[in-house]
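Some notes on the structure that comes next.
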Amino acid sequence: MFRGPCKSPVTIHLIGTLIAKKNLALYKPNWIEFQYINGLILFGPGKVDGQGADAWTKNKCRQNHKSLCRPFPMNMVFSFVSNANISRISSINSKYFHMLVFGSNNITFDSITISAPGDSPNTDGIHIAVSQNIIVQNSVIGTGDDCVSVGDKTHNLTISGVRCGPGHGISIGSLGRNLNEEDVVGLTIRNCSFRDTQNGVRIKTWQNGLNKLHVRDLVFEDIRMEDVENPIVIDQKYCPSRTCPDNLRPSSVKIRNVKFNNIVGTSTSQTAINLVCSASNPCEGVELNHIDLEFNGVGEAKATCINVKAPKVIGLVKPDNCA
């Protein structure tokens, strides 16, 4: 635990490999944590190895839609950290999320490498929540879950130059399950590539929630998909376990002003664009501009647009079912 406040900026040079203990009882609750530090510099070329394989077999989070996960230790946590630069470090085989950013402001992650097997559960690369002015750039992330995931109350996040795969793509959410969540505003994901991932760019919200938060002003642009199962997704019926009943209330999360610009490549499913918005809160201000996605199976790629209010289609959009 590196806990501030500190009298001056803190610089840590990570060299070699730090190896975590496998015994879950040793963690309270995470492995390496930074808290309440203003002016943190953490740089490599070192590596942290979470030794997560044993813990993954105990992860029961996705057995059904009512599961409340017991979070396992994360490799690195940055909470209430400001004005930080994290660069040239690697994180492998975390027991749970590799990196968590919470309650923080003005952090840049540059040239980060994150790796875990494609079937390792809940090994998100970087999860960001309740934070603002965060940059993730020039990084390579491949895990068993989201390469980057975004929680509530995240403002002004930029993700650029990230190579994602394997994994579940870059996800906004899941959102709307808990009553105290707050809006997500001002996210830009650009110049990224996805290879052999379950999803490309995705917004996901729960049904049956009581929270009426907004997700707005998002831009996804200049993105390359290669053999991605679901390249473009808005899923307001999110249910990771596939056990949710059909009679749930529509999601109360409002999605508006979302732009998908210059997204090209190949899809391994025929539905390359799948926008399923809430029946009670239709998506507004959705824009599709120069989308060229090919289905690499038999037949043409398709698009699904449900409860999307007047989507704006500009230039070439393929598939064009949403026009």
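Keep in mind it's a predicted model, so treat the numbers as computed, not measured.
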**Asked** Do Ser278 and Ser251 pass the side-chain hydrogen bond (donor to acceptor under 3.5 Å, both in side chains) test, and can you show the C-alpha distance, the side-chain angles, and the key distance before you say yes or no?
**Response** CA-CA 5 Å; Ser278 170; Ser251 175; 5.1 Å; no
**Prompt:** Between Phe78 and Phe109, does the ring centroid distance fall short of 6.0 Å?
**Reply:**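 Phe78 vs Phe109: aromatic centres under 6.0 Å.
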I need the [X] [atom1] to [Y] [atom2] distance, nearest 0.5 Å.
| X | Y | atom1 | atom2 | result |
| --- | --- | --- | --- | --- |
| Leu42 | His13 | CG | NE2 | 9.5 Å |
| Ser91 | Asn75 | OG | CG | 3.5 Å |
| Trp56 | Ser94 | CH2 | OG | 8.5 Å |
| Asn211 | Trp206 | CG | CH2 | 14.5 Å |
| Leu26 | Leu24 | CG | CG | 8.5 Å |
| Ile203 | Leu175 | CD1 | CG | 9.0 Å |

**Prompt:** Between Ser79 and Gln35, is there a donor-acceptor pair closer than 3.5 Å when you use the side chain of the first and the backbone of the second?
**Reply:**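 Here the side-chain-to-backbone pair does not exist.
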Is there side-chain contact between [X] and [Y], with at least one heavy-atom pair below 4.5 Å?
| X | Y | result |
| --- | --- | --- |
| Ser267 | Asn230 | no |
| Thr123 | Phe97 | no |
| Leu18 | Asp49 | no |
| Lys153 | Phe102 | no |
| Ile89 | Val48 | no |
| Ile126 | His98 | no |
| Asn93 | Ser115 | no |
| Glu182 | Asp152 | yes |

**Option from Asp146, Asp124, Thr197 for which side chain to side chain contact (heavy atoms under 4.5 Å, CB included) with His168 holds** =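 Of the listed options, the one satisfying the test is Asp146.
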**Message:** Parallel, tilted or perpendicular, judged at 30° and 60°: which one describes the rings of Phe2 and Phe34?
**Reply:**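 Geometry flag for Phe34 against Phe2: parallel rings.
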**Request:** Run the numbers on Glu33 and Arg3 for salt bridge (Lys or Arg N to Asp or Glu O under 4.0 Å), then give the verdict.
**Result:** CA-CA 8 Å; Glu33 294 197 46; Arg3 183 183 176 97; over 6 Å; no
**Prompt:** Counting heavy atoms not belonging to Glu287, are there more than 12 under 6.0 Å from its CD?
**Reply:**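 Enclosed.
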**More than 12 heavy atoms from other groups under 6.0 Å of CZ on Arg88** =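 Yes, CZ of Arg88 has more than 12 neighbouring heavy atoms, counting only those of other groups under 6.0 Å.
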**Request:** Carefully, step by step, assess Asn122 and Asn59 under the rule side-chain hydrogen bond (donor to acceptor under 3.5 Å, both in side chains).
**Result:** CA-CA 8 Å; Asn122 297 104; Asn59 190 313; 3.1 Å; yes
**Request:** State whether the SG distance for the cysteine pair Cys164/Cys192 is less than 2.5 Å.
**Result:**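 The answer is no, since Cys192 and Cys164 keep their SG atoms 2.5 Å or more apart.
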**Asked** When you check the side-chain N and O atoms of Arg202 and Ser171, is any donor under 3.5 Å from an acceptor?
**Response**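 Yes, side-chain donor-acceptor contact under 3.5 Å.
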**Prompt:** Going through the distances and angles, do Arg256 and Glu284 end up as a salt bridge (Lys or Arg N to Asp or Glu O under 4.0 Å)?
**Reply:** CA-CA 5 Å; Arg256 60 187 175 93; Glu284 297 182 7; over 6 Å; no
